[in-house]
Amino acid sequence: MEYNSTKVEKKWQSYWNKNSSFEPSNDFSKKKKYILSMFPYPSGRIHMGHVRNYTISDAIARNFRKSGFNVLHPIGWDSFGMPAENAAIKHGVHPKNWTYDNIDYMKKELNSLGLSFSKTREFATSDKLYSKHEQHIFIDMYKKGLVYQKTSTLNWCETCHTVLANEQVEDGCCWRCNNLVSTRKMLGYYLKITDYAQNLLDDIKKLETNWPKQVLTMQENWIGRSEGLEFEFNLSDETKIKLNNKFAKYSVFTTRPDTIYGVTYTALAPEHVIVKYLCDNKLLSDEKIKKIKDMQILGSIERAKNDKEGVDLEIHVIHPLTGKKISVWVANFVLIEYGGGAVMSVPAHDERDFEFARKYNLPIVQSIEQAKSSFDGSRALIEHGKLVNSGKYTGMSSKKAQKLIIDHFEQNGLGKKIVNYKLRDWGISRQRYWGTPIPMIHCSKCGLVHDDIENLPITLPEDIEITAKGNPLDAHPTWKHTKCPTCGGSAVRETDTMDTFFQSSWYFMRYTTDKSMWEDKIFDKTSSDYWMNVDQYIGGIEHAILHLLYARFFTKVLKDMGYSSVDEPFKNLLTQGMVLKDGTKMSKSKGNTVDPDSIIQKYGADTARLFILFAAPPQKELEWNSSGVEGAYKFIKKLSNLSSNSNSVDFIPIIDHKILSKESSFARKKIYTALKKSNDVFSHGYAFNTLIAACMEALNALNKQQNRDVWTEGYFILLNILEPIIPHVCWELSSSLYKLKNLKQLELLEDVLENTSIILPITINGKRRSEIEVAKDTSKNEIIALAKEATSKWLEEKSIIKEIYVPSKLVNLVVK
RNA sequence: GCGGAUGUGGUGGAAUUGGUAGACACGCCAGACUUAGGAUCUGGUGCCGCAAGGCGUGGAGGUUCAAGUCCUCUCAUCCGCACCA
């Protein structure tokens with residue numbers, strides 16, 4: 001059959017559309033697979049990264065559908081966010097129109113790839129119906145105490161005119177526009193993700209074998225659990241007087257209580273209340289106060305770049321175990337938001353404290369010794385070891401001393417063992433128009449109140465003016481003015497909108513529910529309990545922390561609120577590699593992009609899909625190579641051209657394997673090897689490149705033999721295996737030859753794969769010298785004899801020391 | 001600095017438990033068909049060597065009958081985190 005990609009692909013795409021071929025069934029007694037690729041932001045056009053992402057998920061979805069599973073493979077749009085507003089500023093288009101036009105266009109592009117999405121479950125997160133339930137979730141979380149407001153110093157992007165979560169700041173720059181981030185004090189809404197820190201950490205264990213290790217490590221580090229001792233330093237009597245008895249003590253946190261006898265000073269964060277008091281009451285020289293102010297101005301990111309700086313605060317505390325007087329410093333590297341904003345400093349055993357002590361000539365006292373790396377004063381000894389100079393703990397191991405010192409503090413009411421996390425609460429307020437409105441109201445009488453559920457959704461006004469400055473919702477003449485749901489008085493609506501990560505934290509649950517229930521329910525519990533969790537999630541590694549951690553958090557919250565029974569959203573995670581051109585990421589600014597549309601036009605979607613799955617395993621980076629694309633195209637043409645070798649049948653012909661020629665039996669073996677490979681590849685790892693290679697080998701082997709039944713059987717099976725990868729051409733050929741009856745689970749005939757004779761390589765001292773073909777049940781002695789005969793040339797004047805036969809693998813003769 | 005990953009021909013990449021290194025494809029070379037080919041088909045192709053043979057999975061050691069695979073050290077590249085006490 002002459003191959004015409006455009007004709008074939010149009011035909012089958014419209015067939016699939018007309019027949020709703022890929023809709024999930026609502027029969028929940030069936031075995032299911034939920035296959036999901038991360039939904040796209042509707043930026044305007046699809047790029048090769050999308051093509052790769054959706055081709056992978058589509059191949060998986062098609063495979064399981066073919067194998068008799070009820071498959072949910074949905075698509076939607078992560079459609080709120082800044083680019084829509086930027087487009088509005090630049091081109092004067094309304095964000096809504098820009099967004100929905102883009103969605104329409106990209107939908108057509110995705111359709112041209114022949115992706116088997118369930119179209120009836122598609123939505124955009126900017127749809128009013130989605131906002132309605134999102135606001136409902138927000139209010140539920142608020143009622144549960146998981147949402148609160150606070151003022152804090154936030155990362156502010158001057159270009160995007162909005163705050164950014166810590167997670168959204170990369171190298172001090174905005175993750176989206178890449179401009180330098182500054183700080184600002186602002187009031188905003190926070191989600192108490194820290195309440196779930198331990199839960200999120202514990203459940204990483206459940207993901208261990210099915211998520212890339214790298215992602216789990218990143219999440220673990222991000223949560224950053226550490227155990228240690230929290231205790232208080234009492235101020236010395238003179239200091240108390242100096243501070244007008246306003247303060248008596250402050251607390252510090254340490255993970256190394258075993259080094260406590262090495263404390264020679266303590267350090268406070270520049271924002272610490274005692275530091276503030278000293279400055280405000282001019283208890284320090286003007287010069288010192290100025291230096292402290294300079295520290296305070298810098299944001300944490302800026303501060304991290306600077307060298308260690310400090311000022312002696314001229315006050316003292318008492319060491320809780322030795323009773324000695326210790327000086328107190330302010331130091332720019334002490335973080336206010338962690339461990340109380342104060343540390344005990346052990347220069348001998350902490351690198352930061354060491355550096356600081358060296359700079360300011362503070363005393364260094366060793367309290368740990370270690371056999372392997374002795375303390376010579378040139379660097380801090382941070383390893384665990386044996387205690388020295390440590391009173392009654394001297395001589396103990398670090399581990400034992402830690403326990404006993406903590407016990408001592410606890411028993412005497414001086415401190416306690418606590419757990420700290422690096423994870424911070426998630427700030428979700430954004431000063432933007434194109435986002436989900438936060439359903440909160442500020443009433444001068446009742447304070448902060450949430451909207452009534454019946455009022456949802458709170459929708460965005462459409463008559464807005466988008467300028468580069470300020471929040472259009474705040475500037476709108478009427479939108480924010482409303483009535484207080486509690487007292488009925490006039491009140492003001494919250495004008496901040498939600499971080500878009502809020503939407504992507506639960507969209508996968510929404511898909512589980514039939515559209516008919518979308519008006520009334522966030523999602524249907526029975527449906528989500530059936531479909532969740534996602535059996536295979538596919539997306540970029542760039543979401544390793546942000547999206548994947550938030551989604552895990554939401555899943556747990558929704559479970560705790562009774563909406564579902566699942567505690568982890570994504571059972572298996574595949575992080576696909578980037579698509580590169582000329583060794584770097586494709587990007588418009590580098591001018592090295594390859595347009596998916598033009599590839600599809602020239603070669604067809606099947607070629608694009610085949611190339612993208614063949615060129616590299618999904619997890620690895622993929623280098624775009626135009627002659628590789630030609631190669632993929634050639635294979636499809638060859639496959640298509642050879643179709644006349646098969647008979648038109650409804651079933652695989654019955655073949656007596658024993659009477660076949662060598663070539664035919666070899667071809668059958670290759671065919672069934674490919675089928676086995678297909679089963680393996682889809683059950684773990686998704687190494688499509690090796691599956692495609694196996695298919696190529698099988699086709700090459702088929703083409704070297706003449707038995708028509710073997711051809712028919714082989715072709716019948718090959719089209720089955722290749723359907724998930726190159727669906728259009730496979731449906732076309734299958735419908736004309738087999739009435740599509742080969743597109744179902746096929747039986748793997750194990751006996752075809754069994755060998756009656758085996759080829760054994762013969763190695764001498766581990767070097768391959770020859771090979772022999774023997775019957776499967778040949779004895780070891782016979783095999784060794786044959787091996788010697790075959791390698792006699794290498795055995796002359798040598799004596800054989802050892803004869804090794806590894807059954808059906810090889811023979812190794814060790815000679816001297 | 002810490003953590004993670006990767007390193008195999010000219011190129012993309014194969015290689016269950018240690019068991020024929022380089023499958024499959026691209027590229028290249030030769031040939032066939034053809035008015036022509038940037039179409040198609042056939043054969044060849046790790047490196048050195050005329051050959052016998054030798055060498056060969058970033059590098060150096062080690063374990064083993066046998067190492068791409070296991071162990072120790074080391075180099076390079078990429079990614080993530082970055083003063084979290």
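In what follows, every chain begins at residue 1, and chains take the letters A, B, ... in the order their sequences are listed.
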Discussion item. I want to check one thing: is the phosphate of B:A85, taken as OP1 and OP2, less than 4.0 Å away from some side-chain N or O of A:S226?
Written reply: yes
Fill in: side-chain hydrogen bond (donor to acceptor under 3.5 Å, both in side chains), paired with A:Q402, selected from A:T259, A:T254, A:T255, A:D258
A:D258
Worksheet item: If you measure from the P atom in B:C2 to the same atom in B:G49, how many Å do you get, rounded?
Response: 45 Å
Worksheet item: With respect to the side chain of A:V334, which nucleotide from B:G13, B:A85, B:G80 is positioned closest?
Response: B:A85
Worksheet entry | Ring-ring centroid check A:F501 A:W426, cutoff 6.0 Å | no
Worksheet item: Under 4.0 Å between a Lys/Arg side-chain N and an Asp/Glu carboxylate O for A:E803 and A:K788?
Response: yes
Worksheet, complete the sentence: Assign each of A:A687 and A:K670 the nucleotide of RNA chain B bearing its closest heavy atom; nearer the 5' end lies the nucleotide of A:A687
Item to complete: Only counting residues at least two apart or in another chain, list the ones meeting side-chain contact (heavy atoms from CB on, under 4.5 Å) with A:K704.
Response: none
Practice prompt. Determine the interatomic distance between P on B:A23 and the same-named atom on B:A14; round to the nearest Å.
Written response: 13 Å
Worksheet entry | Separation of atom CE in A:M218 from atom P in B:A82, rounded to whole Å | 10 Å
Discussion item. Is the distance between the ring centroids of A:F682 and A:F688 under 6.0 Å?
Written reply: yes
Worksheet item: RNA chain B: stems of at least 3 consecutive Watson-Crick or G-U pairs, cut-off 3.5 Å?
Response: B:1-7 with B:75-81, B:10-12 with B:24-26, B:27-32 with B:40-45, B:46-48 with B:53-55, B:58-62 with B:70-74
Discussion item. If I pick the P atom on B:U77 and the same atom on B:G31, what distance separates them, to the nearest angstrom?
Written reply: 44 Å
Discussion item. Between A:D425 (side chain only) and A:Y190 (backbone N and O only), is there a donor and an acceptor less than 3.5 Å apart?
Written reply: no
Item to complete: Calculate the interatomic distance between A:F666 atom CZ and B:A23 atom C1'; express it in whole Å.
Response: 11 Å
Worksheet item: What integer distance in Å separates A:N221:CG from B:G1:P?
Response: 18 Å
Worksheet item: Within this structure, what is the CZ-to-P distance between A:R768 and B:G68, rounded to whole angstrom?
Response: 15 Å
Item to complete: Could you check how far CD1 of A:I764 sits from C1' of B:G54, rounded to whole Å?
Response: 17 Å
Discussion item. Are there over 12 heavy-atom neighbours, none belonging to A:K213, within less than 6.0 Å of that residue's NZ?
Written reply: no
Fill in: Which residues share a salt bridge (Lys or Arg N to Asp or Glu O under 4.0 Å) with A:R358, sequence neighbours left out
none
Fill in: Rounded C1' spacing from B:G37 to B:U45 in Å
24 Å
Identify each atom pair where a protein N or O and an N or O of nucleotides 62-65 of chain B are less than 3.5 Å apart, giving names and distance.
residue, atom, partner, partner atom, Å
B:C65, O2', A:N812, ND2, 3.1
B:C65, O2, A:N812, ND2, 2.8

Worksheet item: Taking only N and O in the side chain of A:K620, is any of them less than 4.0 Å away from OP1 or OP2 of B:U6?
Response: no
Worksheet item: What's the CG-C1' distance between A:L216 and B:G80, to the nearest Å?
Response: 14 Å
Fill in: Nearest-angstrom distance, P atom, B:G10 to B:G62
28 Å
Practice prompt. With the side chain of A:L335 defined as its heavy atoms from C-beta on, choose the nearest nucleotide among B:A85, B:G13, B:G12.
Written response: B:A85
Fill in: A:K809 NZ to B:G18 C1', straight-line distance once rounded to whole Å
10 Å
Practice prompt. Using the C1' atom on both, measure B:G46 against B:G13 and round to a whole Å.
Written response: 14 Å
Check nucleotides 24-27 of chain B against the protein and report each pair of N or O atoms closer than 3.5 Å, with its distance, or say if there are none.
residue, atom, partner, partner atom, Å
B:A25, OP1, A:N700, ND2, 3.2
B:C26, OP1, A:K634, NZ, 3.4
B:C26, O2', A:S627, OG, 2.8

Discussion item. Between B:G59 and B:G80, how far apart are the two P atoms, rounded to whole Å?
Written reply: 28 Å
Fill in: Residue whose closest nucleotide on RNA chain B lies nearer the 5' end, A:K677 versus A:T217
A:T217
Practice prompt. Mark yes or no: A:K637 above the aromatic ring of A:Y3, with NZ or CZ under 6.0 Å from the six-membered ring centre and no more than 45 degrees from the axis.
Written response: no
Worksheet entry | side chain to side chain donor-acceptor pair (under 3.5 Å) partners for A:K422, two or more places apart | none
Fill in: ring pair (Phe, Tyr, Trp, His ring centres under 6.0 Å) evaluation trace for A:Y265 with A:F356
CA-CA 11 Å; A:Y265 64 100; A:F356 192 82; 5.7 Å; yes
Discussion item. Would you measure the distance from the C1' atom in B:C24 across to the matching atom in B:G9 and give it in whole Å?
Written reply: 14 Å
Discussion item. So that I can tick it off, tell me whether A:E227 and A:K417 are bridged by a salt bridge, with the cut-off set at under 4.0 angstrom between side-chain N and carboxylate O.
Written reply: yes
